[in-house]
Amino acid sequence: MSPKGESGLKKKGCCATNKCLIFLCFVVSLGITALIVVALLVMNVRGRFPPEQKWWQKTIVYQIYPRSFQDSDGDGIGDLNGIISRLDYFNYLGVDAIWISPVYESPMIDFGYDISNFTKVDPMFGSMENMKTLIKEAHARNLRVILDFVPNHSSNKHPWFIKSELREDPYTDYYIWHDTAPNNWHSVFGGSAWGWSDVRKQYYYHAFLPEQPDLNYRNPAVREEMKNSVDFWGRMGIDGLRVDAIPYLFESTNVSLNEPPSNLPGFTSEQWEYYDHLYTANLPEINDAIQEWSDVLRKYDNSDDDTDNSKFMVVEIYAVPSIRNAYYTNGADMPFNMDLVEGSYPSCNASCIKKLVEIEYNTLPEGKWPNFVMGNHDRSRLTSKRGITTSGKTYTNVLNMLLLTLRGTPTCYYGDELGMEDVDTISFEDTQDPYGLHFGTSAYKNFSRDPERTPMQWDESPQAGFTNSSHPWLPLNQNHTFINVQYEKNASHITPLKVYRALAKLRQEPAFLYGSFDFRYTDDNVISYVRSASGYSSYLVVINVGTETGTIDFKTPYDYQEGTVKVTTGNFDHEDYALDSTIKLDKIILQPAEGLVILLP
Ligand code: GLC
Ligand code: MG
């Protein structure tokens with residue numbers, strides 16, 4: 001046996017010795033320690049490491065109605081250069097994405113939603129060069145640009161329609177033509193959806209105005225044209241599309257089918273809501289078209305490890321979750337959830353709002369991202385909807401507090417950050433909106449969308465800083481002397497703009513960006529909830545959207561002792577809930593329209 005062997009044997013036998021036992025113990029305990037350290041690290045990282053979120057999940061989407069945002073050339077109508085001149089405002093506000101309603105070439109019968117060239121900017125708004133500058137300048141400010149895409153219809157002045165009327169190929173079947181008005185299908189804007197062409201001596205289908213003929217999506221050539229439009233804007237470097245009127249893209253080919261009455265109360269047979277739209281809305285074929293645009297748009301996603309340049313697509317729909325959530329498939333990132341647009345009316349009290357929020361979270365398809373909209377160019381402004389409290393307060397701040405602290409992407413309408421209000425005094429003669437005009441002098445006010453489309457209120461000057469013209473396209477709200485950006489920015493007291501900004505900033509905290517959402521005490525006046533992300537600060541949001549005082553004890557049921565006020569609606573009659581003050585949580589008293597965001601210890 002070689003000495004080597006001997007020593008080898010000796011070594012083997014070493015386990016039995018004390019020295020070896022110590023060594024083994026050392027190795028084992030080292031292993032265990034390492035395991036514990038790794039486990040702790042993993043837990044910590046799990047708690048702290050943000051989930052991968054796309055830019056559109058982290059930003060507020062701010063809707064600009066371009067006619068009304070900023071006029072640069074003195075014609076009383078907003079334009080692209082106007083928007084460019086105001087881009088710094090979004091950095092100030094804390095908004096990282098703007099959605100611009102249509103600026104394409106248009107006869108402006110439906111103010112840009114009737115498009116005569118899908119790849120051209122209307123001279124009223126500026127030029128393609130202006131659009132390029134806007135995108136460039138926005139990107140330089142880390143601001144994403146979402147354009148409106150209106151695929152369902154064109155203008156009747158679009159060359160395609162003019163040629164279609166003349167039966168000029170390949171345009172003959174670009175629209176939906178019939179010899180007779182074949183059924184009772186109704187336009188969303190009221191009346192028959194069948195319009196007569198004196199040129200072609202046939203009827204054509206229009207889901208909206210007669211000047212907005214529906215494109216025929218069963219024609220592959222139309223599909224190509226619209227894909228090309230998406231491609232054009234993708235190449236221009238836009239970040240996303242808001243797809244207009246998605247439910248109406250397809251209609252049944254069986255035009256002998258009449259739509260049955262909806263039996264909804266309060267509608268006349270002139271109105272679209274009077275019918276149940278089995279054959280003209282939400283047809284399954286729509287998904288394929290969305291997928292086609294999505295594929296084209298997402299070709300331009302040039303994200304890399306450091307930069308998220310993903311493209312975004314949201315589709316416009318007003319519908320119950322079972323219908324709207326079907327649009328989460330096939331290419332769309334999300335369908336607008338309009339429940340809060342409707343639910344900010346007084347008849348929807350705090351418990352009702354809670355229900356709407358729960359519906360969004362509970363019906364969301366697996367892995368999809370929630371969203372909430374509180375205002376747009378088609379609905380009464382959020383400040384006007386709920387009226388005022390008996391002591392004269394508006395609900396602007398509590399509604400913005402709700403919208404900006406929910407889990408999901410909020411979409412805000414320009415001016416709602418200031419508490420801009422509907423202008424309800426526009427006469428029939430001065431009314432611009434064709435939807436209002438359709439219903440005549442006695443009923444136009446029930447339908448006109450002009451009240452919520454009045455010019456942005458920048459300052460207290462005679463035209464509110466919106467235009468140099470003495471004739472803005474819609475009248476300014478006279479309250480622009482005290483509801484305007486300049487005043488609300490510089491006031492020594494808390495203003496809606498300041499509240500909005502504070503909320504936008506706070507939204508960047510993990511608790512709000514991706515944290516959990518749990519309702520706390522709620523009744524018919526008060527809503528409260530906690531947002532928290534493990535490893536980060538948690539916040540309690542408590543707001544009174546009702547008409548009666550709420551007194552809430554967060555100590556007894558939840559064991560919250562105290563917290564620090566991080567955002568306040570600032571409209572309290574007392575000093576008790578001042579910003580950054582630490583307050584006891586066993587008895588929070590909120591009057592109607594008051595609200596707080598409280599940092600929990
Ligand atoms: C959408 C728009 C609306 C427009 C309609 C027709 O609903 O939001 O403003 O009138 O589509 O394009
Ligand atoms: Mg259609």
Side-chain angles (χ1 to χ4, degrees), residues 61-69 78 99-118 122 146-158 161 175 186-191 193 195 204-215 217 226 229 241-251 271-273 277 280-282 286 313-319 323-324 327 332 335-338 341-342 373-381 411-414 422 431-439 444 446-454 473-474:
V61 175
Y62 184 104
Q63 182 190 355
I64 292 176
Y65 195 68
R67 289 181 76 84
S68 301
F69 197 64
W99 147 34
I100 307 174
S101 282
V103 290
Y104 313 105
E105 190 186 87
S106 164
M108 303 290 166
I109 304 294
D110 191 21
F111 300 109
Y113 282 96
D114 49 321
I115 297 169
S116 51
N117 188 330
F118 288 96
D122 194 281
I146 300 164
L147 291 190
D148 223 303
F149 176 52
V150 189
N152 178 64
H153 43 267
S154 73
S155 158
N156 63 340
K157 297 287 185 289
H158 196 297
F161 188 75
Y175 298 84
H186 259 55
S187 151
V188 175
F189 287 152
Y204 62 92
Y205 180 77
H206 58 86
F208 291 90
L209 295 173
E211 293 86 351
Q212 293 168 302
D214 271 47
L215 285 158
Y217 272 84
M226 296 315 277
S229 306
L241 291 174
R242 173 267 189 192
V243 184
D244 183 73
I246 197 68
Y248 313 108
L249 209 65
F250 279 87
E251 300 73 31
Q271 283 177 267
W272 181 84
E273 290 86 348
H277 301 282
T280 55
N282 298 306
I286 298 172
M313 195 185 273
V314 54
V315 298
E316 186 215 18
I317 178 165
Y318 290 80
I323 295 178
R324 72 166 180 258
Y327 288 97
F336 273 143
N337 163 17
M338 305 286 198
V341 173
E342 312 294 22
V373 185
M374 194 87 88
N376 61 39
H377 63 298
D378 295 326
R379 291 291 188 277
S380 190
R381 281 186 177 275
T411 302
C412 298
Y413 187 49
Y414 81 94
D422 293 349
T431 292
Q432 308 277 334
D433 183 18
Y435 188 25
L437 295 172
H438 177 89
F439 288 93
Y444 77 97
N446 300 337
F447 301 95
S448 175
R449 298 166 294 178
D450 290 350
E452 61 265 25
R453 296 177 175 181
T454 61
W473 79 284
L474 279 176

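For this chain, numbers begin at 1 and follow the sequence in order. Whatever order the structure lists them in is the order used to number ligands and atoms, beginning at 1.
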Among Tyr435, Tyr113, Phe69, ring-ring contact (aromatic ring centres under 6.0 Å, His included) partner for His377
Tyr113
Apply ring-ring contact (aromatic ring centres under 6.0 Å, His included) to His158 and list each qualifying residue two or more places apart in sequence or on a separate chain.
Phe118, Trp160
Name of the residue among Tyr204, Tyr217, Phe208 meeting ring-ring contact (aromatic ring centres under 6.0 Å, His included) with His153:
Phe208
Would Tyr175 and Ser154 count as a side chain to side chain contact (heavy atoms under 4.5 Å, CB included) here? Give the steps.
CA-CA 9 Å; Tyr175 298 84; Ser154 73; 2.6 Å; yes
Run Glu211 and Lys157 through salt bridge (Lys or Arg N to Asp or Glu O under 4.0 Å) and show every step you take.
CA-CA 8 Å; Glu211 293 86 351; Lys157 297 287 185 289; over 6 Å; no
Note down each nitrogen or oxygen pair, ligand 1 side and protein side, whose separation is under 3.5 Å; give only atom names and the distance to 0.1 Å.
{"unit_1": "ligand 1", "atom_1": "7 (O)", "unit_2": "Glu316", "atom_2": "OE1", "d": "3.1"}
{"unit_1": "ligand 1", "atom_1": "7 (O)", "unit_2": "Glu316", "atom_2": "OE2", "d": "3.0"}
{"unit_1": "ligand 1", "atom_1": "8 (O)", "unit_2": "Arg242", "atom_2": "NH2", "d": "3.1"}
{"unit_1": "ligand 1", "atom_1": "8 (O)", "unit_2": "Glu316", "atom_2": "OE2", "d": "3.2"}
{"unit_1": "ligand 1", "atom_1": "8 (O)", "unit_2": "His377", "atom_2": "NE2", "d": "2.9"}
{"unit_1": "ligand 1", "atom_1": "8 (O)", "unit_2": "Asp378", "atom_2": "OD2", "d": "2.5"}
{"unit_1": "ligand 1", "atom_1": "9 (O)", "unit_2": "His377", "atom_2": "NE2", "d": "2.9"}
{"unit_1": "ligand 1", "atom_1": "9 (O)", "unit_2": "Asp378", "atom_2": "OD1", "d": "2.7"}
{"unit_1": "ligand 1", "atom_1": "9 (O)", "unit_2": "Asp378", "atom_2": "OD2", "d": "3.4"}
{"unit_1": "ligand 1", "atom_1": "9 (O)", "unit_2": "Arg449", "atom_2": "NH1", "d": "3.2"}
{"unit_1": "ligand 1", "atom_1": "10 (O)", "unit_2": "Asp110", "atom_2": "OD1", "d": "3.4"}
{"unit_1": "ligand 1", "atom_1": "10 (O)", "unit_2": "Asp110", "atom_2": "OD2", "d": "2.5"}
{"unit_1": "ligand 1", "atom_1": "10 (O)", "unit_2": "Arg449", "atom_2": "NH1", "d": "3.0"}
{"unit_1": "ligand 1", "atom_1": "11 (O)", "unit_2": "Asp244", "atom_2": "OD1", "d": "2.9"}
{"unit_1": "ligand 1", "atom_1": "11 (O)", "unit_2": "Asp244", "atom_2": "OD2", "d": "3.1"}
{"unit_1": "ligand 1", "atom_1": "12 (O)", "unit_2": "His153", "atom_2": "NE2", "d": "2.9"}
{"unit_1": "ligand 1", "atom_1": "12 (O)", "unit_2": "Asp244", "atom_2": "OD2", "d": "3.0"}

Check the pair Asp122, Arg67 against salt bridge (Lys or Arg N to Asp or Glu O under 4.0 Å), reporting the backbone distance first and the verdict last.
CA-CA 12 Å; Asp122 194 281; Arg67 289 181 76 84; over 6 Å; no
